[in-house]
Amino acid sequence: MNKTLNTASVEALLNWYDRSRRDLPWRKTRDPYCIWISEIMLQQTRVEAVKPYYARFLQACPDVASLASISEDELLKLWEGLGYYSRARNLQRAARSVMEQHGGVLPRNYEALRGLSGIGEYTAGAIASIAYDERVPAVDGNVLRVLTRLIGSYEDITLPQTKKGLRDALSSIIPDRAGDFNQALIELGATVCVPNGAPKCEECPLRNVCVASREGLCAQIPVKAPKKPRRIEERTVFLIRDGSRTALCKRAGKGLLAGLFELPNTEGHLDRDVATEYLRALGVEPLRIERIEDAKHIFTHIEWHMIAYSVRISAEFDGWHGEGGMMLVPNAELFSKFAIPSAFSAYTKYLLGKDARAR
Ligand code: ADE
């Protein structure tokens, strides 16, 4: 690798970054807290989608102490729509341990950052290099693609040993401007050496040294073993309303969508009669039950295939003996107070605006 990324090409990469980098909010700061928040948000979410969340999050939690002290429900509300909620929970766990064990100050080097919840090799490398210019690599999916193309490697980028080999090779090359160097590789992967479609090699500062570009191998590299297929789960969702309130349940503290609020739902595709029986067994007496649209939601390892019923109940109803416990929430509070995961967005749209009162 150091034949390809020699002093001249590292210089060319940094010059390109200085000229071409996108003007992103987290690039205006060296505050490790802000960089940490941005890197966690960026892990599974696109840059454009992260921008408004980043601003709102920092307004609500401007420092480690405020993140450590907000309630879990407030935190999940701030994260609502970003998905992968374990990222938010780990952020708070780490913030609490920074308060208790590091005097409220984020650790100043890679090794110590690695000890915090949710901070793996990539994130520790990104924070330490961007905030402190520590010369450590930050190898994410973008960087894996750039580096394997650069050196013409057919190694499978889903294998840990591939990443380790590239990290080790990169470690001896990182210049003093470590943060800019790592971000330049990320930027190149996001804007030039792109994941979908043909890379824009004519714009690349490394085109003269890139093996894949020279030999026409960009369609073959990177090599990526196919993922195992997602498990399909059939579910029946209930939109239970009494005219002014809607039923929500809180999910268990562990597992998929842990601790979030959801529309009541159960395993399987229940036909109308079975659905009615199911609700009655839980003490809910439908005045009217009507099938509404089907929906699909894709998680990392699972796909939910949902059918749903809109269920009208009496305004008298105030109890529930089912799994997790159900509460009837005034429609006006549904979106302001509760974080309802986007898995239910096909159905929560029925609760917005005038539709909330119809049916
Ligand atoms: N993706 C991950 N880290 C990033 C960063 N610092 N800037 C832009 N995209 C990123």
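Counting starts at 1 for both ligands and their atoms, in listed order. All of these numbers come straight from a predicted model, not from anything done at the bench.
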- Message: Taking 4.0 angstrom as the limit and counting only heavy atoms of Y122, give me the atoms of ligand 1 inside it, by number and element.
- Response: 2 (C), 3 (N)

- Note on the structure: the protein heavy atom lying closest to atom 7 (N) of ligand 1 turns out to be R27 NH2, 3.0 Å

- Message: Does this structure show an ion pair linking E48 with R46, if we count only N-O contacts that are shorter than 4.0 Å?
- Response: no

- Looking only at distances, please establish whether an N/O atom of ligand 1 is found under 3.5 Å from an N/O atom of Q183. yes

- same_hphob_cluster(V192, I157) at 4.5 Å side-chain heavy-atom cutoff: yes

Please list every donor-acceptor pair under 3.5 Å in which a side-chain atom of residues 199-217 meets a protein atom from a residue at least two apart or in another chain.
residue : atom : partner : partner atom : Å
K200    : NZ   : T191    : O            : 3.4
R207    : NH1  : C204    : O            : 2.4

- Item | Any side-chain heavy-atom pair of Y54 and C34 under 4.5 Å | yes

- Query: What atoms of ligand 1 come within less than 4.0 Å of a heavy atom belonging to L24?
  - Reply: 8 (C)

- Between E290 and R312, is there a salt bridge with N-O shorter than 4.0 Å? no

- Query: Within less than 4.0 angstrom of ligand 1, does Q43 place any heavy atom?
  - Reply: no

- Item | Residue L42 vicinity, atoms of ligand 1 by number, heavy atom under 4.0 Å | 1 (N), 2 (C), 3 (N), 4 (C), 5 (C), 10 (C)

- Message: Distance under 4.0 Å to a non-hydrogen atom of E39: what atoms of ligand 1 satisfy this?
- Response: 2 (C), 3 (N), 4 (C), 5 (C), 6 (N)

- Task: Among all protein heavy atoms, pick the one closest to atom 1 (N) of ligand 1 and tell me residue, atom and distance.
- Result: I186 CG2, 3.8 Å

- Item | Closest heavy-atom pair and its distance - F238, L263 | O-CB, 3.8 Å

- Query: Are W36 and M41 linked, directly or through other ILVMFWY residues, by side chains that come within less than 4.5 angstrom of each other?
  - Reply: yes

- Item | For W26, atoms of ligand 1 separated by under 4.0 Å from a heavy atom | 5 (C), 6 (N), 7 (N), 8 (C)

